[in-house]
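Comments concern the structure below.
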There are 2 protein chains.
Amino acid sequence: MARYSQSEEDYLETLYLLQQENKVARVKDVAQALDVKMPSVVAAIRSLSEKGLVEQEKYGHIELTKEGIKVGKDVYKRHQLLYAFFHEVLGLDPEVSEEDACQMEHHLSPETRERLLRIVEYTRACKDDKVHFLKRFMYFVKTGEMPEPCSGCKKC
Amino acid sequence: MARYSQSEEDYLETLYLLQQENKVARVKDVAQALDVKMPSVVAAIRSLSEKGLVEQEKYGHIELTKEGIKVGKDVYKRHQLLYAFFHEVLGLDPEVSEEDACQMEHHLSPETRERLLRIVEYTRACKDDKVHFLKRFMYFVKTGEMPEPCSGCKKC
DNA sequence: TAACAATGTTAGTTGAGCCTAACATGGTTC
DNA sequence: GAACCATGTTAGGCTCAACTAACATTGTTA
């Protein structure tokens, strides 16, 4: 999978999400979603089209190619992962989590991505576990002090 | 503190680091550090100078102003924090940690920054604690399974 | 001190990605 | 079916941040 610019990734992600929701994406929708003007969308689509990522019929719908879907979906997955990490693990607001995910989704290496996924999974699993990482971490966030050892462990 | 572009932040951070090491920064050093050509540096310095962030004497040294130091240092602190998180908490290679920190340092909101700092602190504190988060997390990374409850807790 | 090498600067170009203004198309309504 | 409105497109311009080529300055060395 080739490398794409931040802007290109944003267009592909937006197109992917619009396709999921509406089945059709129009220039106007993309412009609204990305808060840019329609001519900017037209230029971006032309460029993506030349790279084989989207297909356009004049004055018609915009459709992602197979490759376009792959990239758009991948960006969105990175976004979701970052959001989950910020919101679920770090306990940040939905708004902040969303905003930072938007920015950072373009800069996530495969290695970091894998580890972030692990820590999200770990945190989720911990909720059913005796040693509840998130509880302990949030206690630390609030008080600045370490919780008692095994405070969350009913066995002790 | 006003907002600065990614490129501006990179120049200020580089100048800050060069000043820390050498006491003087020259156009050539900055160009090397950022892997750009000297005319690009000259243009960037002129722009930063107009914004009151650096001072230049023609054909001479480049110095950060008070404000420039503040911004450059702040960027570097964000970098260090991200590096620590990637390396110490997620257990990623120094190389990957460094590279991702470079990219993401420009997109870190104050809220996320605060929480990342907490999780790094928490992880560090855990090393002296009975319930060793990092050990447990790394066990999960390697095996895909949750460690035994309180496996790290000597009291149990 | 004259020449040369290293460094810094200026001028002009490029490409990405946005914009506005003007024009084109297509679907809805009288 | 003609007029109108929403949507799409083209043309042209702007800013940012890089580049090359050519020129200027400084400092070192014969």
Side-chain angles (χ1 to χ4, degrees), chain A residues 2-15 18-19 21-64 68 71-72 75 102-103 105-107, chain B residues 2-16 18-19 21-64 68 71-72 75 102-107:
Chain A
R3 291 207 56 118
Y4 301 102
S5 74
Q6 188 160 334
S7 166
E8 285 172 326
E9 285 194 350
D10 280 331
Y11 280 103
L12 292 170
E13 183 186 23
T14 298
L15 287 167
L18 285 172
Q19 275 197 4
E21 292 163 18
N22 299 349
K23 305 306 266 174
V24 256
R26 293 175 309 162
V27 171
K28 197 200 168 199
D29 302 327
V30 179
Q32 272 178 348
L34 287 173
D35 195 27
V36 296
K37 304 297 178 184
M38 289 203 295
S40 304
V41 176
V42 172
I45 296 303
R46 180 168 47 244
S47 165
L48 290 172
S49 162
E50 281 159 11
K51 294 177 182 173
L53 296 161
V54 307
E55 278 171 2
Q56 51 168 355
E57 4 172 347
K58 258 210 172 183
Y59 294 95
H61 306 320
I62 305 160
E63 283 185 33
L64 288 167
V71 178
V75 178
C102 271
Q103 295 298 313
E105 64 191 12
H106 309 294
H107 306 287
Chain B
R3 291 207 56 118
Y4 301 103
S5 74
Q6 190 160 334
S7 166
E8 286 171 326
E9 285 194 350
D10 280 332
Y11 280 103
L12 293 170
E13 184 186 21
T14 299
L15 286 168
Y16 174 75
L18 285 173
Q19 274 197 3
E21 292 163 19
N22 299 349
K23 307 304 268 175
V24 258
R26 293 175 310 162
V27 171
K28 197 201 169 199
D29 302 328
V30 178
Q32 272 178 347
L34 287 173
D35 194 27
V36 296
K37 305 296 178 186
M38 288 203 294
S40 305
V41 176
V42 172
I45 296 303
R46 178 167 48 242
S47 165
L48 290 172
S49 162
E50 282 159 10
K51 294 177 183 175
L53 295 160
V54 307
E55 279 170 4
Q56 51 169 352
E57 6 172 346
K58 258 209 169 184
Y59 293 97
H61 306 321
I62 306 161
E63 285 186 32
L64 288 166
V71 178
V75 177
C102 271
Q103 295 298 314
M104 296 198 187
E105 64 190 11
H106 308 294
H107 306 286

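Under the side-chain contact (heavy atoms from CB on, under 4.5 Å) criterion, A:Thr14 pairs with A:Leu18, A:Val30, A:Ala33, A:Leu34, not counting sequence neighbours. Partners of B:Asp29 according to the salt bridge (charged side-chain N to carboxylate O under 4.0 Å, His left out) rule, which considers only residues two or more places apart in sequence or in another chain, are B:Arg26. Applying the salt bridge (charged side-chain N to carboxylate O under 4.0 Å, His left out) test to A:Lys28 and every residue at least two apart in sequence or in another chain returns nothing. Taking the ring-ring contact (aromatic ring centres under 6.0 Å, His included) definition, one finds that B:His106 meets it with nothing, sequence neighbours left out. A search for side chain to side chain donor-acceptor pair (under 3.5 Å) contacts involving B:Glu105 returns B:His79, not counting sequence neighbours. Residues forming a side chain to side chain donor-acceptor pair (under 3.5 Å) with B:Gln19 (at least two apart in sequence, or on another chain): none. Among residues two or more places apart in sequence or in another chain, the side-chain contact (heavy atoms from CB on, under 4.5 Å) test is passed with A:Val42 by A:Val27, A:Arg46. For the side chain to side chain donor-acceptor pair (under 3.5 Å) test, no residue two or more places apart in sequence or in another chain qualifies with B:Lys37. The side chain to side chain donor-acceptor pair (under 3.5 Å) search around A:Gln56 returns none, not counting sequence neighbours.
Nearest approach of A:Leu15 to A:Ala25, heavy atoms of both residues: CD2-CB, 3.8 Å.
Under the 4.5 Å side-chain criterion, counting only non-hydrogen atoms from C-beta, B:Tyr11 is not in contact with B:Leu53.
At a non-hydrogen distance threshold of 4.0 Å, nothing from residues 24-31 of chain A comes into contact with DNA chain C.
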Sub-3.5 Å pairs of nitrogen or oxygen atoms, protein against nucleotides 16-20 of chain C:
residue	atom	partner	partner atom	Å
C:dG17	OP1	A:Ser5	OG	2.7
C:dC18	OP2	A:Tyr11	OH	3.2
C:dC19	OP2	A:Lys37	N	2.8
C:dC19	OP2	A:Ser40	OG	2.6

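Regarding contacts with the backbone of C:dT9, every side-chain N or O of B:Arg46 stays at 4.0 angstrom or more from both OP1 and OP2.
Here D:dT7 presents its P atom at 13 Å from CD1 of A:Ile62, a figure rounded to the nearest Å. Distance A:Ile45 CD1 to D:dT9 C1': 13 Å, rounded to the nearest Å. Summarising the geometry, the separation between CG on B:Asp10 and C1' on D:dC16 is reported as 14 Å, rounded to the nearest angstrom. Atom pair B:Gln32:CD and C:dT7:C1' shows a separation of 11 Å (rounding to whole Å applied). Atom CD in B:Gln56 sits about 14 Å away from atom C1' in C:dT7, given to the nearest Å.
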- Message: For a quick check, with a 4.0 angstrom heavy-atom cut-off, what is the B/S/- contact string for nucleotides 23-28 of chain D, read 5' to 3'?
- Response: --SS--

